[in-house]
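The structure appears below as structure tokens.
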Amino acid sequence: MFRQLITHNTLQDWSSALLAAAAFMLLLFMLRKLVLHHLQRVARDTATVLDDFLIEVLSATRVLLATAIGLYLGSHFLTLPAAMETLVNRAFGAAIIIQTGFWATRGLIFWLRHHFSQGEHDDAGGRAMTLSLLSFLGRVVIWVLVLLMMMDNLGINVTALVASLGIGGIALALAVQNILG
């Protein structure tokens, strides 16, 4: 497979692929920085929570995403064997799923902190405990979903696993209903 990868692509193909990957990665980093800078400027002048939320979520963008997108786009300049093309597509999908998990986690924690920061001062201890419990459970749910989506992306049948998680979720909800009440 690797021999075919090397023999079917010229030096010009490889250099075009690497140049395209590097250029797109650089473009994504610069775009992220520019958008974050603009949003931070806007957030200083407004009292809305939406711009703060967007800053928090966008700042969770990892190097993994830019690298995966750059390499994925760069691979289109090469003639890849079918197995390698499938591997590249699945790796790209996995990187997108993982990055979405980071964004969702950061957004959930921001929303929970904002929601639980409002209220009476004498109830701060109960809110802090509820905040930590809900943020932990939310992160667990998000990363279980990320894991399931990645397994599905890799071609693993997750139907039985999803059904068992549904039953476990019902049992967990019944167990913590008095605590949350």
* Keeping the roles fixed (side chain from Arg90, backbone from Thr86), state whether a donor-acceptor pair exists under 3.5 Å. => no
* Within the distance-only criterion (no hydrogens, no angle test), does the side chain of Arg127 pair as donor or acceptor with the backbone N or O of His115 below 3.5 angstrom? -> no
* To do: Using the rule that two of Ile, Leu, Val, Met, Phe, Trp, Tyr join whenever any of their side-chain heavy atoms come within less than 4.5 Å, decide whether Met25 and Val35 are in one cluster.
  => no
* To do: Treat each ILVMFWY residue as a node, draw an edge where side-chain heavy atoms are under 4.5 Å apart, and state whether Leu145 and Leu108 are in one component.
  => no
* Could you check whether the rings of Trp143 and Phe102 sit parallel, tilted or perpendicular, using 30° and 60° as the cut-offs? => perpendicular
* Phe136 reachable from Val141 in the ILVMFWY side-chain graph, under 4.5 Å edges -> no
* Derivation and outcome, side chain to side chain contact (heavy atoms under 4.5 Å, CB included), residues Phe116 and Leu134 -> CA-CA 11 Å; Phe116 284 104; Leu134 288 179; 3.7 Å; yes
* To do: Could you grab the distance from atom OG1 of Thr130 to atom CG of Leu112, nearest 0.5 Å is fine?
  => 10.5 Å
* To do: Of all the heavy-atom pairs spanning Ile55 and Leu36, show the shortest one and how long it is.
  => O-CD2, 3.7 Å
* In terms of hydrophobic clustering (I, L, V, M, F, W, Y; side-chain heavy atoms under 4.5 Å; direct or indirect links), are Met84 and Trp14 co-clustered? -> yes
* Structure fact -> CG (Leu19) and CD (Gln12) are apart, to the nearest 0.5 Å, by 11.5 Å
* Starting at CG of Asp52, measure out to CZ of Arg44 and round the result to the nearest 0.5 Å. => 11.5 Å
* To do: Show your working on side chain to side chain contact (heavy atoms under 4.5 Å, CB included) between Phe53 and Thr48 and close with a plain yes or no.
  => CA-CA 9 Å; Phe53 175 79; Thr48 63; over 6 Å; no
* Determine the minimum heavy-atom distance between Gly74 and Ala20, stating which atoms define it. => CA-CB, 4.4 Å
* Backbone of Thr10 reached by a side-chain donor or acceptor of Asp13 within 3.5 Å -> yes
* hydrophobic_cluster_shared for Leu73 and Leu28, side chain cutoff 4.5 Å -> yes
* Looking only at non-hydrogen atoms, find the nearest pair between Ser16 and Phe77 and report the distance. => CB-CD2, 4.0 Å
* Exam field: side chain Asn9 to backbone Thr79, donor-acceptor pair closer than 3.5 Å -> yes
* With the side chain counted from C-beta on, respond yes when Ser75 and Leu80 share a heavy-atom pair under 4.5 Å apart, and no when they do not. => yes
* Are any non-hydrogen side-chain atoms of Thr100 and Val146 less than 4.5 angstrom apart? -> no
* Asked: Can you check whether Arg62's main-chain N or O pairs, donor with acceptor, with Gln99's side chain at less than 3.5 Å?
  -> yes
* To do: Kindly compute the distance separating CD1 (Ile142) from CD1 (Ile109), expressed to the nearest 0.5 Å.
  => 7.5 Å
* To do: Please round to the nearest 0.5 Å and tell me the distance separating atom CG of Leu65 and atom CZ of Arg32.
  => 10.0 Å
* According to the interplanar angle, ranging from 0 to 90°, do the rings of Tyr72 and His76 count as parallel (below 30°), tilted (30 to 60°) or perpendicular (above 60°)? -> perpendicular
* Do you know the tightest heavy-atom contact between Leu161 and Met151? -> CD2-CE, 3.9 Å
* Asked: With a 4.5 Å limit on heavy-atom distance, are the side chains of Phe92 and Leu71 in contact?
  -> no
* To do: State whether the number of non-hydrogen atoms from other residues, nucleotides or ligands found under 6.0 Å of Leu11 atom CG is greater than 12.
  => no
* Once you round to the nearest 0.5 Å, how far does CZ of Phe24 lie from CG of Leu31? -> 8.5 Å
* Asked: Is a side-chain donor or acceptor of Asn89 paired with a backbone partner of Glu85 at a separation under 3.5 angstrom?
  -> yes
* Measure the shortest side-chain to side-chain distance between Thr67 and Leu64 over non-hydrogen atoms and say whether it is less than 4.5 angstrom. => no
